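Values below: every heavy atom of this structure, side chains too, minus hydrogens, waters and symmetry copies. Keep in mind it's a predicted model, so treat the numbers as computed, not measured.
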Amino acid sequence: MNNKVGCLIRTIRHLHVCGSKLGPSFRTAMRTYTLGISRYKSAIQSVNLRRFLLNVPPHRLESSLRLLSHGVPVYSKGDVTVKEQNVAKSLLDEHMQSSSSALDPLEEDRSVVEENLIAKSERSQSQQFFDDLQKCTSPCDVLDLVSKSAISEKHCSNCFTTMWALTKKLSEDQKRYEKQLMVEHPAFMQLCQRLMQESRSMWCDDLVYSLHAVVKLGISQNTRLVQTLLRVSQERLNECDDRCLSVVSTTLATMEKSRNVDALQAGLQLLVEQRIPKISNIFMLQSMMKCIGKDAPLSLKRKFESRVLKELDHLTPLNAQHMFSALAVMNHCSMPILDACSNKIIESIHGTPFWQLIHVLRSCSILRYRNVVLYSAIANYVTSAIYMWDTKQIVLFLSAFEGLRFRPVELMDILAEKVTSHPESLNLKDILSILRVYSLLNHVPKCQNQEFLESLNSALNKYLTRISNVDLLKAVYSFCVLKYLPQPALSQLLQGDNLNELLKSDGLNKEQNEMMLHCVNMCLELDSPPSFTKPATVFIKKPSSPLVSDLPEVQEALLKLLGDERMVQQNIQLPHGYNIDFEIKMDADRKKVLPVTEVDDPADVPNVQRVAVLCAPPSAFCFGTRHPRGKLAMKMRHLKALGYHVILVHYQEFKKLKKEEAIECLKGEIYSANAFPFSDVNLQDNI
């Protein structure tokens, strides 16, 4: 008898898994009969299942039973024998025969009426609860509702998600206050206990959303509640659809490492890997890619890449935008996929929402994907539809472009005009962002450059009473990079107390503060006009040790051009802290190179021109151009102020030149134009 009962249980479980074959009515009956999720009476449950089994077409029932012989059932660890299959079929036949004889039409009608009344009553109560839940304005309102209501597992899950939704938009101080009241509420412990009790029987989406809400509400990860939800999520992970898996992944990303967290993460990756071959929908693939995250094994990332490549023909512009985000979350740069997505976005860029474009640009930054055509298309679209964006949106676009080292000239000029016309519309965050972008990209507006900087300075002056010293330093540093000295901000920055606070920072922050203060000091020394009043206190940083640069291609070309190693010096460290890769001394007309030994002190020898050769990496230029970025531009400006003629070499492109081309290229830059009247060398074409 025990064998028969066990076989019947396995059969019913198998029918539950095969619900897709037998239709929605089966799944409803099975939920009612086996899971006990509904609150109906047991008699009604029995009637529902009997009615379902009586109405199942014979070919469907036989088909589902035949499936047992194809392999191991989902919920069984052993093999199913033919004898067990026959026993199971006979038990179902007996059950249907007894149900048929016991269930007369009157009993069935009464059962239907009773079932409908109970269902209607429960729906009414549930709807009333959800209506009241929507009216809650704080977590304590939710807990008050819980204390006076009979809640189900669905209600329990929605209570936690509602409490999280009510707190996530509050300020940090308000969040702490509301969470403290929530924890001290008498019904809070009751709700947590109920969630633990119902976790194994609630729907999978309710389970994972409850876990997400509990973690986001700041409940300690070491509590029994969180650990219970983690363990139950592990057990029921196979029941999760793509959306639930995405919620689980998002939740785990915010949690500290622990045994249950690691186990759930490992199970998540295994499940996703199993589902990859069966996924043909692009959106589902993207959802799965976001689930595995950046810590997934490289082999798994490549499986996703191969699967997506097979679906590129079905790619839509919306898919392409989301694919950038999915690859960024996974932190996997696949050039074929990104190129295909870029083409789709460019083809239909008009009408693309603001945040989609921002996500694409930020994803490019995370993936280090460089595509000047894509950047230009987005910049041109934003510029052409400038009436659609407010100042804050334009600033966000420019910040995203700056992260890619891309300089959208026309868009930056338009924003400069807006700032010059309405500086009062800027808040402190806008001012700091604009200064940072324009200084890093070394962009000087074509018209009204001085007016633009003065407008930013006047806007900044309104915040000097409440700006932090770090933000003040960043603002002044950006102004100085743009060759503008803001007098009030400088005076406040260089006060003794403020300097001491900045220099007491620890680690990397201290090094950054020292670097910026040194640059400010250099600009005060070399950029200030005679009429500028210098502050009394100036921070002076000791010059750093010389940087040894290995530039064999440039060194070889210079030696062949000049003919003697005495004609050139390498790695020159100036007293101001700047390093020069190569220094050459020439006569005033730059027609003749002088040996270093003959001109040991250029200051004592009139009519001597010093030439500084700077070799810069691609990161020192704006992407796709030879326009130097802020720090390099400031260095070139200061070297010119110190009397140097500066030659800037794009080192990566220089290495691609043949030896003869490299020599001719340097020759055209080192010597003046009239020294070789027949030379056709053009630096812009070669370096």
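Contact annotation: the side chain of Val308 approaches that of Met289 to within less than 4.5 Å [non-hydrogen atoms, C-beta and beyond]. Counting only heavy atoms from C-beta outward, the side chains of Val226 and Leu230 approach each other to under 4.5 Å. You'll find the side chain of Trp355 reaches within 4.5 Å of the side chain of Leu396, heavy atoms only. Side-chain contact between Met388 and Val382 is absent, with no heavy atoms from C-beta onward closer than 4.5 Å. Side-chain contact between Val215 and Gln221 is absent, with no heavy-atom pair separated by less than 4.5 Å. In this structure, Leu145 and Lys148 have side chains that are in contact, with non-hydrogen atoms separated by less than 4.5 Å. Counting only heavy atoms from C-beta outward, the side chains of Val248 and Thr251 never approach each other to under 4.5 Å. Inter-residue side-chain proximity for Arg275 and Met288 is flagged as met; some heavy-atom pair is nearer than 4.5 Å.
We find the SG-CG distance between Cys333 and Leu367 to be 5.5 Å, quoted to the nearest 0.5 Å. Rounding to the nearest 0.5 Å gives a distance of 12.5 Å between OG of Ser325 and CE of Met330. Between Arg362 atom CZ and Leu357 atom CG the span is 12.0 Å, to the nearest 0.5 Å. For the atom pair Met323 CE and Ile345 CD1, the distance stands at 10.5 Å (nearest 0.5 Å). With rounding to the nearest 0.5 Å, the separation of CD in Gln321 from OG in Ser363 is 11.0 Å. The structure places CZ of Phe401 at 12.5 Å from OG of Ser365, a figure rounded to the nearest 0.5 Å.
Note: Trp389 and Phe397 have perpendicular aromatic rings, judged against thresholds of 30 and 60 degrees for the angle between ring planes.
In summary, Arg307 and Glu311 engage in a salt bridge, as defined by a charged side-chain N under 4.0 Å from a carboxylate O. Contact check on Arg302 versus Glu305 returns no salt bridge, with no Lys/Arg side-chain nitrogen under 4.0 Å from an Asp/Glu carboxylate oxygen. The existence of a salt bridge linking Lys135 and Asp141 is excluded, since no basic side-chain nitrogen approaches an acidic carboxylate oxygen closer than 4.0 Å. Salt-bridge formation is detected for the pair Lys392/Asp430: a Lys NZ or Arg NE/NH1/NH2 atom is positioned less than 4.0 Å from an Asp or Glu carboxylate oxygen. Between Glu198 and Arg194 a salt bridge is recorded (basic side-chain N to carboxylate O distance below 4.0 Å).
Counting only distance, with no hydrogens or angles, the side chain of Thr161 and the backbone of Ser157 share a donor-acceptor pair below 3.5 Å. Side-chain atoms of Gln356 do not come within 3.5 Å of backbone N or O of Pro353 as any donor-acceptor pair. Remark: the backbone N or O of Leu245 is not paired with any side-chain donor or acceptor of Ser249 at under 3.5 angstrom.
Within a 6.0 Å radius of CZ in Phe354, more than 12 heavy atoms belonging to other residues, nucleotides or ligands are found.
The two residues Gly351 and Tyr381 have their closest heavy-atom pair at N-OH, 3.1 Å. Residues Leu225 and Ile219 come closest through the heavy atom pair CD2-CD1, 4.2 Å. The nearest pair of heavy atoms linking Phe160 to Cys192 is CZ-SG, 4.0 Å. Shortest non-hydrogen contact noted between Leu166 and Pro139 is CD1-N, 4.1 Å. Among all heavy-atom pairs drawn from Cys341 and Ala320, the shortest one is O-CB, 3.6 Å. Nearest heavy-atom pair across Ser199 and Met202 is O-CG, 3.5 Å.
With no hydrogens or angles considered, no side-chain donor-acceptor pair links Gln193 and Gln197 at under 3.5 Å. For the residue pair Asn319 and His314, no side-chain donor N or O sits within less than 3.5 Å of a side-chain acceptor on the partner. In this structure, a donor-acceptor pair under 3.5 Å is absent between the side chains of Thr167 and Glu178. Residues Ser287 and Ser246 have side chains that never bring a donor and an acceptor to within less than 3.5 angstrom of each other. Residues Asn222 and Gln227 bring no donor and acceptor atom of their side chains to less than 3.5 Å of each other. A donor and an acceptor atom, one from each side chain of Asp132 and Gln128, are located under 3.5 Å apart.
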Self-check item: Test side chain to side chain contact (heavy atoms under 4.5 Å, CB included) applied to Leu191 and Leu195, step by step
Solution: CA-CA 6 Å; Leu191 187 62; Leu195 180 59; 5.9 Å; no
Self-check item: Full working for side chain to side chain contact (heavy atoms under 4.5 Å, CB included) between Arg231 and Leu264
Solution: CA-CA 8 Å; Arg231 287 196 296 271; Leu264 186 54; over 6 Å; no
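Aromatic rings from His332 and Phe304 are positioned such that their centres are separated by 6.0 Å or more.
The residue from Val214, Leu143, Asn158 that alone fulfils the side chain to side chain contact (heavy atoms under 4.5 Å, CB included) condition with Met163 is Leu143.
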